[in-house]
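Shown next, in structure tokens, is the structure this report addresses.
When a residue number appears, it is its place in the shown sequence, counting from 1. Predicted, not measured: the structure shown is a model, and the values here were computed from it.
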Amino acid sequence: MSDTPKETTHPPAATEQPEEHISEWERRKYVPKAGEPALPPQLAEFSNKTTDEVLEELNRLPFFMTKLDESDGDGGENVNLEALKSLAYEGDPDEVATNFKNQGNDCYKVKKYKDAIIYYTKGIEVDCQVPAIDSALYLNRAACNLELKNYRSCIEDCKKVLMIDDKNIKACFRSGKAFFAIEKFDEAIKILEYGLSIDPENKDLQKLLQQIKDKQKLLVDIEAKKQQEEEQQKLEKIVLDNSIKLRHIEVIKSSNPPDALKEAKIRLEDPKDYQSQLIFPAMILYPTTDEFDFIGEISELSTPLELLEIVLNRPREWFEDSKHKDFNVKKLECFMETESGGLVKVGKKLEVNNALMNDKPKAPLFDNALRLYVVPKPDVAKWTSEWNKETALAARK
């Protein structure tokens, strides 16, 4: 007996393929082995299809659908789906309507209000002629419309309920809430009071009615206060206009005022007393350096000197600039523009209302503000000689 093992060979199976040539589908598909059952007949047609093709076929079966497919794959209607749809309408009308109501209730519970409306509407369309069912369908659809803020649809549904059941408290409450939401307070109060005539102790109706009456009163109070404020503003304007006229002060409005003066206003220190001080803004102009200062409010009793002391309260470095070397109170002269476009010199210690109230020459306010030109004494002669009335008048247009 030889010690060398005998070499045996086995011919390869006819179906055996190299591993790298086997597709994913071939690897995964069901191939029955000896003693294992074959695919059932209803699934045999899937045996040679890809995964995508199988999923597409399954999607046409109602219970496997992940998206609506109303065709049978050949352009015709989906028979299975149509058959399932028809099941919803099998039975007596009241049973069909109740079924839709229950499906709507299930959607309502999970806050799928739009889907619930679809089911309630289908139930209504059945027209089962059972008052209790029809009333519930309209009432529940009203609840969905209320949640979706479809207030007018809610009101219409509640009307339908009350036409079927004139003592339905929930319909009164829901229509009252809808009327309240669209600020139809009188209608809301009427329907809630009607509900309370049926159930005087209903806490929900009482609470909502009180909320509406409180809101109604609040709005009336707001409107009354608004009217009172408007009347007060009109009265204050009359007093202000008269106080300006009594002082013979003119106000010229330009077509394109400086930004700082677009919202400028004249006011009385006491809006009800025409004899109290006039308060207005002031533009302090430095024409020789092409600069200006703006003061938000001054009194008509202010003097140019007081205004200069305010605007010249600056850091020392500002005065060290050569163009500001003559900018101190003693070396500055003040002027105002006249109604005719000229200039008038104003005393630095005189109250500005002296110039404003003087009839000749007339120095007005411009755009509700004082306009004061400030010029160093060495530059006065040159600046005044170059002043042009026509240019000044044109600038107001």
Side-chain angles (χ1 to χ4, degrees), residues 55-56 58-72 76-185 187-188 191-192 195 202 204-205 207-208 211-212 215:
L55 290 175
E56 185 177 352
L58 288 174
N59 191 66
R60 294 194 185 97
L61 301 177
F63 291 105
F64 290 94
M65 279 186 173
T66 57
K67 60 182 179 179
L68 185 61
D69 185 344
E70 298 192 14
S71 74
D72 63 0
E77 68 179 5
N78 189 324
V79 177
N80 292 324
L81 182 61
E82 293 303 318
L84 185 64
K85 287 181 179 179
S86 67
L87 288 175
Y89 290 91
E90 286 190 359
D92 294 333
D94 61 324
E95 293 174 335
V96 174
T98 299
N99 181 51
F100 281 127
K101 177 173 71 71
N102 292 337
Q103 290 181 79
N105 292 348
D106 290 340
C107 290
Y108 183 87
K109 289 174 185 176
V110 293
K111 299 184 179 181
K112 292 184 176 181
Y113 303 120
K114 291 182 180 179
D115 292 339
I117 285 176
I118 292 172
Y119 285 117
Y120 293 139
T121 302
K122 286 182 180 294
I124 290 167
E125 290 171 349
V126 171
D127 192 20
C128 70
Q129 301 294 317
V130 179
I133 297 174
D134 288 337
S135 173
L137 287 165
Y138 280 116
L139 187 64
N140 293 356
R141 192 170 72 173
C144 293
N145 280 318
L146 191 61
E147 292 289 348
L148 294 172
K149 300 183 180 180
N150 300 329
Y151 299 121
R152 297 187 186 279
S153 295
C154 174
I155 292 166
E156 288 301 314
D157 282 341
C158 289
K159 283 182 181 178
K160 298 282 179 56
V161 174
L162 292 170
M163 288 173 67
I164 299 169
D165 175 11
D166 61 359
K167 291 182 169 40
N168 194 298
I169 298 301
K170 287 185 177 180
C172 296
F173 178 76
R174 288 172 187 169
S175 59
K177 285 192 76 172
F179 275 126
F180 185 25
I182 59 176
E183 297 189 350
K184 296 285 185 181
F185 302 122
E187 290 87 342
I191 192 65
L192 292 174
N202 189 287
D204 290 334
L205 294 179
K207 183 179 178 180
L208 181 57
Q211 287 177 343
I212 294 170
K215 181 64 177 291

Closest heavy-atom contact between [X] and [Y]?
{"X": "Ile191", "Y": "Phe179", "answer": "CG2-CD1, 4.4 Å"}
{"X": "Asp94", "Y": "Thr98", "answer": "O-OG1, 2.7 Å"}
{"X": "Gly195", "Y": "Leu205", "answer": "C-CD1, 3.6 Å"}

Could you tabulate the donor-acceptor pairs under 3.5 Å formed by side-chain atoms of residues 159-172, not counting sequence neighbours?
unit_1	atom_1	unit_2	atom_2	d
Asp165	OD1	Lys167	N	3.2
Asn168	OD1	Lys170	N	3.2
Asn168	OD1	Ala171	N	3.0

[Y] and [X], any side-chain heavy atoms less than 4.5 Å apart:
{"X": "Leu146", "Y": "Tyr151", "answer": "yes"}
{"X": "Ile182", "Y": "Ile155", "answer": "yes"}
{"X": "Glu125", "Y": "Phe100", "answer": "no"}
{"X": "Asn99", "Y": "Val96", "answer": "no"}

Scan the side chains in residues 108-118 for donor-acceptor partners under 3.5 Å anywhere in the protein, sequence neighbours excluded, and list what turns up.
none

Using 0.5 Å steps for rounding, measure from the [atom1] atom of [X] to the [atom2] atom of [Y].
{"X": "Lys207", "Y": "Ile212", "atom1": "NZ", "atom2": "CD1", "answer": "12.5 Å"}
{"X": "Cys158", "Y": "Arg141", "atom1": "SG", "atom2": "CZ", "answer": "11.0 Å"}
{"X": "Leu137", "Y": "Lys122", "atom1": "CG", "atom2": "NZ", "answer": "13.0 Å"}
{"X": "Asn145", "Y": "Asp157", "atom1": "CG", "atom2": "CG", "answer": "5.5 Å"}

Got a sec: does the OH of Tyr119 have more than 12 other heavy atoms crowding it under 6.0 Å? no
Do Asp127 and Gln129 have side-chain atoms, one donor and one acceptor, less than 3.5 Å apart? yes
Any donor-acceptor pair under 3.5 Å from Arg174 side chain to Cys154 backbone: no
